[in-house]
There are 2 protein chains.
Amino acid sequence: MNNASPAPPRPDSLSDQPETAVREVIVRDVVRGLYEGRYEPGQRLREAELTQAYGVSRGPVREALNVLAARNIVELTPQRGARLRVLHIGEAIDTLVVAQNLVGLAARLAARNHDDAAGRARLQAALDAHAAFPPEGGGAELAVARDNFYGALTAMAANIQLSRILPSVHIHLIRVQFRPMLRINDASRHRDYQRIVDAVFAGREREAEGAARAHFERGIERLRGLQQG
Amino acid sequence: MNNASPAPPRPDSLSDQPETAVREVIVRDVVRGLYEGRYEPGQRLREAELTQAYGVSRGPVREALNVLAARNIVELTPQRGARLRVLHIGEAIDTLVVAQNLVGLAARLAARNHDDAAGRARLQAALDAHAAFPPEGGGAELAVARDNFYGALTAMAANIQLSRILPSVHIHLIRVQFRPMLRINDASRHRDYQRIVDAVFAGREREAEGAARAHFERGIERLRGLQQG
DNA sequence: CTCCTGATTATTGTCCTACATTATGGAGAC
DNA sequence: GTCTCCATAATGTAGGACAATAATCAGGAG
């Protein structure tokens, strides 16, 4: 059974573990559903509905809800079930502050590994894919492209814990809720990404970290403005 | 039933959610068991054994395992069950690097809130409790005291996401595995903590962050030495 | 009319049993 | 000695049942 094939093709996802389970299917679909608008923050997730919707029994549904709760996507109150988390603005800012640090760290470490050819290729591909979207482009696919960019960046950082934790920050969920207010256009975001990648490829650690932090700083400032005004 | 009593007493834990469930009892006991040596890394966790040990059915046991997997405490392989995670040295270093950044951030934010009286009190109390242990002191209680220190620090940072994520980094699990190699004595750790607290209380953000980062830097260096040697 | 109280209902938390699916280990063939 | 095939063990899921709790609603006291 020693299959010597080099690497299993898994170009899309950040998940390292081969989660075959139904549970993961549900988890993924809920997250994707948030991107696509099928689910929306605040919505209640009743076990009965989910069992019907996915055609599975309550066991896997409950497990999926637990996973989603662990990832802070749903709020789980003991006898009252699950509800898709609603971020108020303060929490969104908190999230961005944490993400700012972690992505900054990722960029710094990635720059340190700037001679990793596979990492460079993946990062460049993710950047190109992100650029391919039209300025008014789609919601869910763009979100996935952004995830892939951050995934490639953290992969190049070669820090397992970082790869594990950063997705759990769920930057994209902020987007789902605050898209109208943030209105960062795709072009400027792409410029930010490009700047990060340039610094990373050149091995300039501090510049890479700074560029990553600067990108988040804008969103933070904008949300802070909304909070006070 | 609108019980107007102000706040339920929960002074010890970082958990904000009132998890009544059996699941959480198991999760907590496994973590504590790791501190106490009842469980050890690499050990397999069979559902049948856990159902017997805790006197519950497979449902809650499986849910607990999922939660533990989400917190990176157990490794869950699709058809082969759960196993308490074994960190090889590289992963331990990765963990400390991430923790270094996050705790540094926490210290900086805490310093920014240095006028928060309640936060100061809690942090001081945690520091005192940590100091109360004898230099050769107990394992599990000391680990809890350390957790409380970081809990108080992040609480004072007043960043919800940080409070949520930092515990999931599970710095303490490194200790469980690498205690013999690390041999940071309690006195020097306490000095580090004291330095952080001093800077925090004085509101010196950069110094607080630097002190926190320096504390982790030692452990990282030590592990790097082990890795190469 | 409002507020409080008690019963009804909906939903979750847990248990139990059963079966499908998949890894693991060993027996036997070559 | 290596390989194939099968028995065993363990997990993944289904489905039904019941207890416990929260939300809801009806009715009565003031």
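The sequence lines fix the lettering, A, B, ..., with proteins before strands; numbering per chain opens at 1.
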May I have the distance from [X] (atom [atom1]) to [N] (atom [atom2]), rounded to whole angstrom?
| X | N | atom1 | atom2 | answer |
| --- | --- | --- | --- | --- |
| B:R23 | C:dT12 | CZ | P | 13 Å |
| A:L45 | C:dT12 | CG | C1' | 14 Å |
| B:R62 | C:dC15 | CZ | C1' | 15 Å |
| B:R83 | D:dA10 | CZ | C1' | 13 Å |
| A:E47 | D:dT13 | CD | C1' | 15 Å |
| B:N66 | D:dT11 | CG | P | 13 Å |
| A:E24 | D:dT13 | CD | C1' | 16 Å |
| A:I26 | D:dG12 | CD1 | C1' | 13 Å |

(request) Identify the two heavy atoms, one from B:S163 and one from B:T154, that lie closest to each other, and give their separation to 0.1 Å. (result) OG-O, 3.8 Å
(message) Go through it in stages, so that I can follow the logic: the residues are A:L76 and A:L68, the test is side-chain contact (heavy atoms from CB on, under 4.5 Å), and I'd like the CA-CA distance, side-chain angles, deciding distance and then a yes or no.
(response) CA-CA 9 Å; A:L76 217 50; A:L68 287 168; over 6 Å; no
Dump the pairs, protein N or O against N or O of nucleotides 22-24 of chain D, anything under 3.5 Å, distances to one decimal.
from, atom 1, to, atom 2, distance (Å)
D:dA23, OP1, A:R80, NE, 3.3
D:dA23, OP1, A:R80, NH1, 2.7

Cut-off 3.5 Å, no hydrogens considered: what does the side-chain donor-acceptor table look like for residues 164-174 of chain A, sequence neighbours left out?
from, atom 1, to, atom 2, distance (Å)
A:R164, NE, A:Q161, OE1, 3.4
A:R164, NH2, B:S168, O, 2.9
A:S168, OG, A:I165, O, 2.8
A:H170, ND1, A:H172, NE2, 2.6
A:H170, NE2, A:P167, O, 3.4
A:H172, ND1, A:Y35, OH, 3.4
A:H172, ND1, A:D147, OD1, 3.2
A:H172, NE2, A:Y35, OH, 3.2

(message) Ring-plane angle category for B:H130 and B:F149, please: parallel below 30°, perpendicular beyond 60°, tilted otherwise.
(response) tilted
(message) Between B:I26 and B:V56, is the side-chain contact (heavy atoms from CB on, under 4.5 Å) condition met? List the steps.
(response) CA-CA 10 Å; B:I26 301 177; B:V56 296; 4.1 Å; yes
Polar pairs (N or O, both sides) under 3.5 Å between protein and nucleotides 14-18 of chain D?
from, atom 1, to, atom 2, distance (Å)
D:dA14, OP2, A:S57, N, 2.7
D:dA14, OP2, A:S57, OG, 2.9
D:dA17, N6, A:R58, NH1, 3.3

(request) List in chain and number order the residues that pass side chain to side chain donor-acceptor pair (under 3.5 Å) with A:R46, two or more places apart in sequence or in another chain; answer none if no residue qualifies. (result) A:E49
(message) So that I can tick it off, tell me whether B:E40 and B:R179 are bridged by a salt bridge, with the cut-off set at under 4.0 angstrom between side-chain N and carboxylate O.
(response) no
(request) Please identify each residue that fulfils side chain to side chain contact (heavy atoms under 4.5 Å, CB included) with A:A107, with sequence neighbours left out. (result) A:L153, A:I196, A:A208, A:A212
(message) Assess the residue pair A:Y39 and A:D29 against the criterion (side-chain contact (heavy atoms from CB on, under 4.5 Å)); give the C-alpha distance rounded to whole Å, side-chain angles, the decisive distance to 0.1 Å, and a yes or no.
(response) CA-CA 10 Å; A:Y39 291 104; A:D29 185 77; 4.1 Å; yes
Nucleotide N/O to protein N/O under 3.5 Å, stretch nucleotides 5-9 of chain D:
none

